[in-house]
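Heads up: numbering here begins at 1 and tracks the sequence.
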Amino acid sequence: MDNTKPLIELEPDDDGRIRRTGNVLTASTHIITVVVGAGVLALAWAMAQLGWIAGIGSIVTFSAISIFTYSLVADCYRYPDPVTGQRNYTYMQAVKAYLGGRMYVLCGLVQYTKLAGITVGYTITSSTSLVAIRKAICFHNTGKAASCKFSNNPFMIGFGILQIFLSQIPNFNELTWLSTAAAITSFGYVFIGSGLCLSVVLSGKGAATSITGTKLPVEDKLLKVFTAMGNIGLACTYATVIYDIMDTLKSHPAENKQMKRANVLGVTAMTILFLLCSGLGYAAFGDNTPGNILTGFTDPFWLVALGNGCIVMHMIGAYQVMGQPFFRIVEMGANMVWPDSDFINKEYSFMMAGTSSHLEP
């Protein structure tokens with residue numbers, strides 16, 4: 001039996017840390033988990049504001065910009081040489097290495113404020129989808145005339161408690177299974193939403209569309225066009241976690257080469273899903289396209305509920321992927337303030353689902 005491979009995997013990496021085992025496929029999975037969020041269901045609204053030409057053109061253009069930009073950013077993972085230089089473990093370390101301390105502080109404030117805001121948004125989105133599932137079941141059982149109103153608060157609290165446990169996953173290397181599940185469910189709700197829209201179009205009940213989008217007064221049209229383009233641009237970004245993803249990649253071939261391939265694969269998958277969902281949504285609803293295409297359907301209730309369930313599952317994984325950098329900075333601050341505290345610095349083992357796990361700072 002050849003024991004070379006296990007021995008190599010046990011050896012530390014060039015920086016003394018546990019050997020990284022990530023590859024192009026796992027990095028692509030992380031990228032898809034981040035960029036293909038529930039916001040993809042809102043891109044049909046953006047398409048309705050822009051029309052076919054500007055809508056498709058904007059999605060393709062922003063995708064191309066993402067591939068180009070993140071290929072440049074991938075070369076900054078190591079400093080000063082992109083292949084042999086010292087690793088920048090986080091986006092902020094790269095900013096400090098290349099741009100200096102002042103930009104390090106400024107970009108840090110922007111990055112971690114954004115990450116905190118995104119995780120709050122994920123919590124709200126998840127609770128909204130859980131309420132939508134409960135409403136779909138309620139309307140199915142009691143009729144559409146029933147008053148099915150539920151509070152989001154219990155769902156937000158439950159989601160937060162779950163994330164507390166998941167936040168003890170030590171690093172991105174251990175997030176691959178959760179990220180893979182999240183990526184799969186993101187395809188699930190996109191295909192459900194797109195499939196429902198396709199059924200409307202094929203049945204001949206689709207709404208009228210145009211190459212210029214909604215017809216509105218000039219000032220209202222400009223506002224909605226810029227809002228739509230902003231939504232598309234934001235949907236294509238994942239700069240805040242790109243180095244956390246790169247830090248999971250094995251050293252050979254070079255990390256920047258692997259990441260560039262992962263960028264192409266991840267962004268290509270993203271672009272296909274964006275065009276599919278936005279195009280079919282606009283074709284189904286026309287100028288009346290809702291902010292979330294799933295909200296435009298009530299039947300079949302089980303499929304709508306399944307779509308919302310996929311959103312929740314995706315948000316669980318995406319929360320952890322986007323939250324890891326924020327968790328790290330909080331833990332570093334806690335270690336600096338309370339260096340002698342066992343509660344902050346000691347690991348605590350526990351059993352979960354029949355396996356041994358541990359809580360750590």
Side-chain angles (χ1 to χ4, degrees), residues 13-15 17-37 59-100 103-104 106-108 110-112 114-115 118 171-176 179-180 182-183 232-274 318 320-326 328-329:
D13 245 327
D14 55 9
D15 58 350
R17 296 191 177 188
I18 297 175
R19 182 168 291 275
R20 297 158 178 83
T21 58
N23 53 41
V24 173
L25 181 60
T26 60
S28 300
T29 300
H30 288 311
I31 292 171
I32 294 171
T33 299
V34 173
V35 295
V36 186
I59 292 174
V60 173
T61 299
F62 278 114
S63 298
I65 291 172
S66 293
I67 292 176
F68 175 73
T69 301
Y70 294 125
S71 293
L72 295 178
V73 173
D75 286 332
C76 299
Y77 173 65
R78 289 181 180 266
Y79 176 84
D81 185 85
V83 177
T84 61
Q86 184 176 355
R87 298 173 187 268
N88 292 305
Y89 299 110
T90 65
Y91 180 79
M92 293 311 306
Q93 287 184 346
V95 170
K96 188 174 184 179
Y98 283 93
L99 301 179
M103 291 300 296
Y104 173 76
L106 178 61
C107 290
V110 174
Q111 179 191 11
Y112 293 114
K114 177 185 175 182
L115 288 174
I118 289 173
N171 53 51
F172 258 79
N173 285 312
E174 305 300 329
L175 274 178
T176 299
S179 190
T180 301
I232 295 172
L234 287 173
C236 297
T237 181
Y238 58 97
T240 49
V241 295
I242 184 171
Y243 288 125
D244 298 272
I245 295 174
M246 286 191 71
D247 199 43
T248 67
L249 296 173
K250 55 188 178 183
S251 301
H252 301 287
E255 297 92 349
N256 63 329
K257 293 182 180 180
Q258 294 184 75
M259 195 62 189
K260 288 176 182 179
R261 291 179 59 195
N263 284 335
V264 173
L265 292 175
V267 174
T268 298
M270 172 201 80
T271 305
I272 293 172
L273 291 177
F274 283 8
Q320 287 300 313
V321 172
M322 295 298 288
Q324 283 280 330
F326 185 77
R328 182 184 298 108
I329 198 68

(Q) I'd like to know whether Ile242 forms a side chain to side chain contact (heavy atoms under 4.5 Å, CB included) with Ile245, so could you lay out the CA-CA distance, the side-chain angles of the two residues, the decisive distance to 0.1 Å, and finally the verdict. (A) CA-CA 5 Å; Ile242 184 171; Ile245 295 174; 5.6 Å; no
Q | Check against salt bridge (charged side-chain N to carboxylate O under 4.0 Å, His left out), Arg87 and Glu255 | A | CA-CA 10 Å; Arg87 298 173 187 268; Glu255 297 92 349; 3.1 Å; yes
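A donor-acceptor distance shorter than 3.5 angstrom exists from the side chain of Asn88 to the backbone of Cys76, with no hydrogens or angles considered. Listed for the Ser28 side chain is no donor-acceptor partner under 3.5 Å among the backbone atoms of Leu265. A donor-acceptor pair under 3.5 Å links the side-chain atoms of Tyr243 to the main chain of Val73, judged by distance alone. With hydrogens and angles ignored, the 3.5 Å screen pairs no side-chain donor or acceptor of Thr248 with any backbone N or O of Asp244. In this structure, Arg19 contributes its side chain and Lys250 its backbone to no donor-acceptor pair below 3.5 Å.
For the atom pair NZ (Lys96) and OH (Tyr91), the distance works out to 16.0 Å, reported to the nearest 0.5 Å. The CD1 atom of Ile232 lies 9.5 Å from the OG1 atom of Thr61; values are rounded to the nearest 0.5 Å. With rounding to the nearest 0.5 Å, the separation of CZ in Arg20 from CG in Asp247 is 4.0 Å. Leu99 contributes atom CG, which lies 10.5 Å from atom CG of Leu106 (distance to the nearest 0.5 angstrom). To the nearest 0.5 Å, atom OG1 of residue Thr268 and atom CG of residue Leu273 are 11.0 Å apart.
Heavy-atom minimum distance, Ile31 versus Gly266: CG2-CA, 4.1 Å. Shown here for Ser251 and Arg78, the closest heavy-atom pair between the two residues is OG-NH2, 4.2 Å. Taking every heavy atom of both residues into account, Met92 and Gly108 meet most closely at CE-N, 3.1 Å. Residues Val267 and Ser63 share a closest heavy-atom pair of CG1-O, 3.5 Å. Contact record, Ala269 with Ile32: CB-CD1, 4.0 Å, taken as the closest heavy-atom pair. Considering all non-hydrogen atoms of both residues, Gln258 and Gly22 come closest at OE1-O, 4.0 Å.
Under the 4.5 Å side-chain criterion, counting only non-hydrogen atoms from C-beta, Met259 is in contact with Leu249. No side-chain heavy atom of Gln93 sits under 4.5 Å from any side-chain heavy atom of Tyr79. The shortest side-chain heavy-atom distance between Thr237 and Phe62 does not fall under the 4.5 Å cut-off.
For Phe68, there are no ring pair (Phe, Tyr, Trp, His ring centres under 6.0 Å) partners, not counting sequence neighbours. Considering only residues two or more places apart in sequence or on other chains, Tyr238 meets the ring pair (Phe, Tyr, Trp, His ring centres under 6.0 Å) condition with Tyr70. By the side chain to side chain donor-acceptor pair (under 3.5 Å) test, Thr69 is found to be paired with no residue, residues two or more places apart in sequence or in another chain being considered. With sequence neighbours excluded, the residues that form a salt bridge (charged side-chain N to carboxylate O under 4.0 Å, His left out) with Lys260 are Asp75. With sequence neighbours left out, the salt bridge (charged side-chain N to carboxylate O under 4.0 Å, His left out) criterion links Arg261 to no other residue. For Tyr89, there are no ring pair (Phe, Tyr, Trp, His ring centres under 6.0 Å) partners at least two apart in sequence or on another chain.
Within 6.0 Å of NZ on Lys257 lie no more than 12 heavy atoms contributed by other residues, nucleotides or ligands.
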